[in-house]
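A quick write-up on the structure given underneath.
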Amino acid sequence: MAAAGSSPTIVEYFGGEDGYRCGYCKNESGNLSHGMWAHSMTVQDYQDLIDRGWRRSGKYVYKPIMNQTCCPQYTIRCQALRFQTSKSHKKVLKKMLKFISKGDISKAVSEEEPMDSHIEDAVSCSFVHRSESHVSEAELTPLNEDHADVVENEDEDKGETKEEVNVKKAELGSLQICGDKDAAVPGEPSPSTKTVHAPPKPGKGADLSKPPCRKAKDIRKERKLQKLLQNQRCTLEGSPLQAEHQALLLQSSKSTTNQPKSIEDFIFVPLPDDAPHKLEVRVVRSSPPSSQFKATFQESYQVYKRYQMVIHKDPPDKPTINQFTRFLCDSPLEPENPPNGPECGYGSFHQQYWLDGKIIAVGVIDILPYCVSSVYLYYDPDYSFLSLGVYSALREIAFTRQLHEKAPDLCFYYMGFYIHSCPKMRYKGQYRPSDLLCPETYVWTPIEQCLPLLELSKYSRFNQDAKAVDEDHIKELGRVRVLHKRTIMPYSVYKKRRKGPSDEASVQQYASLVGQTCSERMLLFRS
């Protein structure tokens, strides 16, 4: 779905790094991963990569070596459209509402939510300093397509040209992934998405299609709330983008009379005129930086610095502006604004939480074709009593549901990695219903089916079909796209031109990790 005129994905593959210190079990060299530097990346390519277990930290994109690393990290996603708030989630939402509307402060820390933040990757910022590209911008600018076509025809194998045509057809086909709204089933990805994105069947436990009955009192409250929402705009959101569809979203989410309270019921509640506090959530594009992002950069950085020093015990000289920029502001994602996408477009954003005119928290997120992907959260430690890690996760789920109204394929909330071997990191499993990614076949599996397997072994294949394989495994290495001397060519052509020792083993490893589809779309830089 790359927009016309946008840069293609260009990556430098670094292979498997030496082991480095694990932020979870503190093993000094047990954390193992493959990595690549992304000079630019389309949102569709990144969507497909995270659906194969990759994740980004700044412009560095990495994939844990699951069967070798000390703490296996499983990609986890929440089915946002079917999300049900737990008892502890409701407590956090009510606590925020009481604070804003009445000024009530609860200093009690919930024992059910041990983590101060819902995103754990503070350790990943070290990636950015370990492997950085030193290739010049000129070398990364492909020549026009005519040059690429010449390269295709130079090859003696006439099949190369046909292959390249097929690749281009695949790229054109991918443009329609977010389209065809009419064909989309409400609450499910459209038929144009890959089958792995279809919501899986419910796992063990309560049947989510049959919600519990509600008291008549609750139903009366709901009707009253809907009337209030019709008469005034929501006061919790500062952005017109987010305020526009809230009343409609709330009404559509309450179409069934006996449904339990949704997140929107707790978040978008009309406040009294004399409410002591005002909370606004603003979405600002971080890459390329928007004018709003630039205007609030210093204030946002100061919140990050305090958070790292107080919560993560960083020394004052560690959370520098340079580190903050490279870790949380720089992004390889190319911004895209298709007419059938969300109003804010796709790409990288900062979701800023403004309380009484000052930033108290920032959620770093990527908006992709099928999901909102959470990157990091930092907040002012003075407001720890509001459980901002949990609150922001719930707000991001609500945001995902809102974006779905305009972009029907966008219906999942990715929470990064689930690490069962680290007890403190199991809290992500409380956002139900959720799925874990099978590390071998890349098929989504309901978390209820995964947990018994993880109790037996920290590394596990979730797909129980012994014959199942990675459907996108590398089939033709020669079709991997390469950028060499500013010219795009298939690997089969580059291989014949290459001087020096063979790099086939490295290219084979890269292609097997990104999959055949991405390997034919992305450009692998070769010097």
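By convention here, the first residue in the shown sequence is residue 1.
- Y353 and Y379 have their aromatic ring centers separated by at least 6.0 angstrom.
- Remark: the backbone N or O of C438 is not paired with any side-chain donor or acceptor of T441 at under 3.5 angstrom.
- Among residues two or more places apart in sequence or in another chain, the ring-ring contact (aromatic ring centres under 6.0 Å, His included) test is passed with H473 by none.
- In this structure the side chain of F417 reaches within 4.5 angstrom of the side chain of P64, judged on heavy atoms.
- Applying the salt bridge (Lys or Arg N to Asp or Glu O under 4.0 Å) test to residues at least two apart or on different chains, the pairs with a partner in residues 361-372 are R56-D366.
- With hydrogens and angles disregarded, no donor-acceptor distance shorter than 3.5 Å links the side chain of Q352 to the backbone of V283.
- C329 and H350 get closest at one heavy-atom pair: SG-CE1, 4.0 Å.
- Applying the side-chain hydrogen bond (donor to acceptor under 3.5 Å, both in side chains) criterion to S290, with sequence neighbours excluded, gives Q292.
- Looking at M309 and Y304, their side chains never come closer than 4.5 Å, going by heavy atoms from C-beta outward.
- A donor-acceptor contact closer than 3.5 angstrom is absent between the side chains of E336 and T42.
- Looking at residues two or more places apart in sequence or on another chain, you find no salt bridge (Lys or Arg N to Asp or Glu O under 4.0 Å) involving D356.
- When the salt bridge (Lys or Arg N to Asp or Glu O under 4.0 Å) test is applied to R526, the partners found at least two apart in sequence or on another chain are D503.
- A salt bridge links E264 with R401: the distance from a Lys NZ or Arg NE/NH1/NH2 to an Asp or Glu carboxylate oxygen falls below 4.0 Å.
- With W54 contributing its side chain and L513 its backbone, the two residues share a donor-acceptor pair below 3.5 Å.
- One distance of note links CE of M41 with CG of L523; it measures 11.0 Å at 0.5 Å rounding.
- Judged by distance alone, with hydrogens and angles left aside, the side-chain atoms of K428 form a donor-acceptor pair with the main-chain N or O of M415 at under 3.5 Å.
- Rounding to the nearest 0.5 angstrom, the gap separating the CZ atom in R77 from the CD1 atom in I447 is 12.5 Å.
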* Working for side chain to side chain contact (heavy atoms under 4.5 Å, CB included), residues L355 and Y383 -> CA-CA 10 Å; L355 180 69; Y383 294 90; 3.5 Å; yes

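- Applying the side-chain hydrogen bond (donor to acceptor under 3.5 Å, both in side chains) rule to T517 yields the partners D472; only residues at least two apart in sequence or on another chain are considered.
- Scored by the ring-ring contact (aromatic ring centres under 6.0 Å, His included) test, Y510 finds Y13 as partners (sequence neighbours excluded).
- Using modelled atom types and a 3.5 Å distance limit, the side chains of H89 and S86 yield a donor-acceptor pair.
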* Asked: Does the side chain to side chain contact (heavy atoms under 4.5 Å, CB included) test come out yes or no for R282 and T296, once each step is laid out?
  -> CA-CA 11 Å; R282 303 176 189 172; T296 57; 5.5 Å; no

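- Residues passing the ring-ring contact (aromatic ring centres under 6.0 Å, His included) test with F99 are H277, F385, sequence neighbours excluded.
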* **Chi angles and distances behind the side chain to side chain contact (heavy atoms under 4.5 Å, CB included) call for V364, S286** => CA-CA 9 Å; V364 181; S286 54; 5.7 Å; no

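- Judged purely by atom type and a 3.5 angstrom limit, S40 uses its side chain to pair as donor or acceptor with the backbone of P8.
- Checking side-chain atoms of T85 against main-chain N and O of I263 turns up no donor-acceptor pair under 3.5 Å.
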* Start with the C-alpha gap between L368 and Y46, add the side-chain angles, then the distance that decides, and say whether side chain to side chain contact (heavy atoms under 4.5 Å, CB included) holds. => CA-CA 8 Å; L368 304 174; Y46 186 53; 3.6 Å; yes

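- With respect to K59 and D330, no salt bridge is recorded, no charged nitrogen being found less than 4.0 Å from a carboxylate O.
- Proximity of a side-chain donor or acceptor of S331 to a complementary backbone N or O of L333 within less than 3.5 Å is detected.
- D380 pairs by the side-chain hydrogen bond (donor to acceptor under 3.5 Å, both in side chains) definition with R306, not counting sequence neighbours.
- Between the side chain of K63 and the backbone N or O of V514 there is no donor-acceptor pair closer than 3.5 Å.
- Under the 3.5 Å distance criterion, with hydrogens and angles disregarded, no donor-acceptor pair is assigned to the side chains of N322 and T325.
- Atom CD1 of I76 and atom OG of S374 lie 12.0 Å apart (nearest 0.5 Å).
- What you find for A407 and Y346 is that their closest heavy atoms are CB-OH, 4.0 Å.
- In terms of heavy-atom proximity, I267 sits nearest to A398 at CD1-CB, 4.0 Å.
- A distance-only check finds no donor-acceptor pair linking the side chain of R486 to the backbone of L483 [under 3.5 Å].
- Using a 3.5 Å distance cut-off with no hydrogens or angles, the side chains of Q79 and Y431 do not pair a donor with an acceptor.
- In summary, of the residues considered (Y442, F462, Y414, W444), a ring-ring contact (aromatic ring centres under 6.0 Å, His included) with Y74 occurs for F462 alone.
- Within the 4.5 Å cutoff, the side chain of I365 has no heavy atoms near those of the V375 side chain.
- Remark: the backbone N or O of G389 is paired with a side-chain donor or acceptor of S392 at under 3.5 angstrom.
- Under the salt bridge (Lys or Arg N to Asp or Glu O under 4.0 Å) criterion, no residue pair touches residues 284-304, with sequence neighbours excluded.
- A salt bridge does not link E520 with R481: none of the charged nitrogens is closer than 4.0 Å to a carboxylate oxygen.
- Heavy atoms only, all atoms of each residue included: I488 and P142 are closest at CD1-CB, 3.9 Å.
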* Start with the C-alpha distance between D314 and K305, add both sets of side-chain angles, then the distance that settles salt bridge (Lys or Arg N to Asp or Glu O under 4.0 Å), and finish with yes or no. => CA-CA 9 Å; D314 281 1; K305 185 175 182 179; over 6 Å; no

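- Here E12 pairs with H39, S133 under the side-chain hydrogen bond (donor to acceptor under 3.5 Å, both in side chains) rule; sequence neighbours left out.
- Across all their heavy atoms, C518 and D48 have their closest contact at SG-CB, 3.6 Å.
- Looking only at side-chain heavy atoms (C-beta outward), L93 and Y391 come within less than 4.5 Å of each other.
- Nearest heavy-atom pair, L437 versus G53, reported as atom, atom and distance to 0.1 Å: CD2-N, 3.4 Å.
- For the ring-ring contact (aromatic ring centres under 6.0 Å, His included) test, residues two or more places apart in sequence or in another chain that qualify with Y301 are F324.
- Aromatic ring orientation, Y307 versus Y378: tilted (interplanar angle from 30° to 60°).
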* **Verdict with supporting geometry, Y418 and Q73, side chain to side chain donor-acceptor pair (under 3.5 Å)** => CA-CA 6 Å; Y418 174 83; Q73 301 160 59; over 6 Å; no

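- Note: K318 NZ to H312 NE2 = 9.5 Å, rounded to the nearest 0.5 Å.
- For the atom pair CZ of F525 and CD1 of I10, the computed distance is 9.0 Å after rounding to the nearest 0.5 Å.
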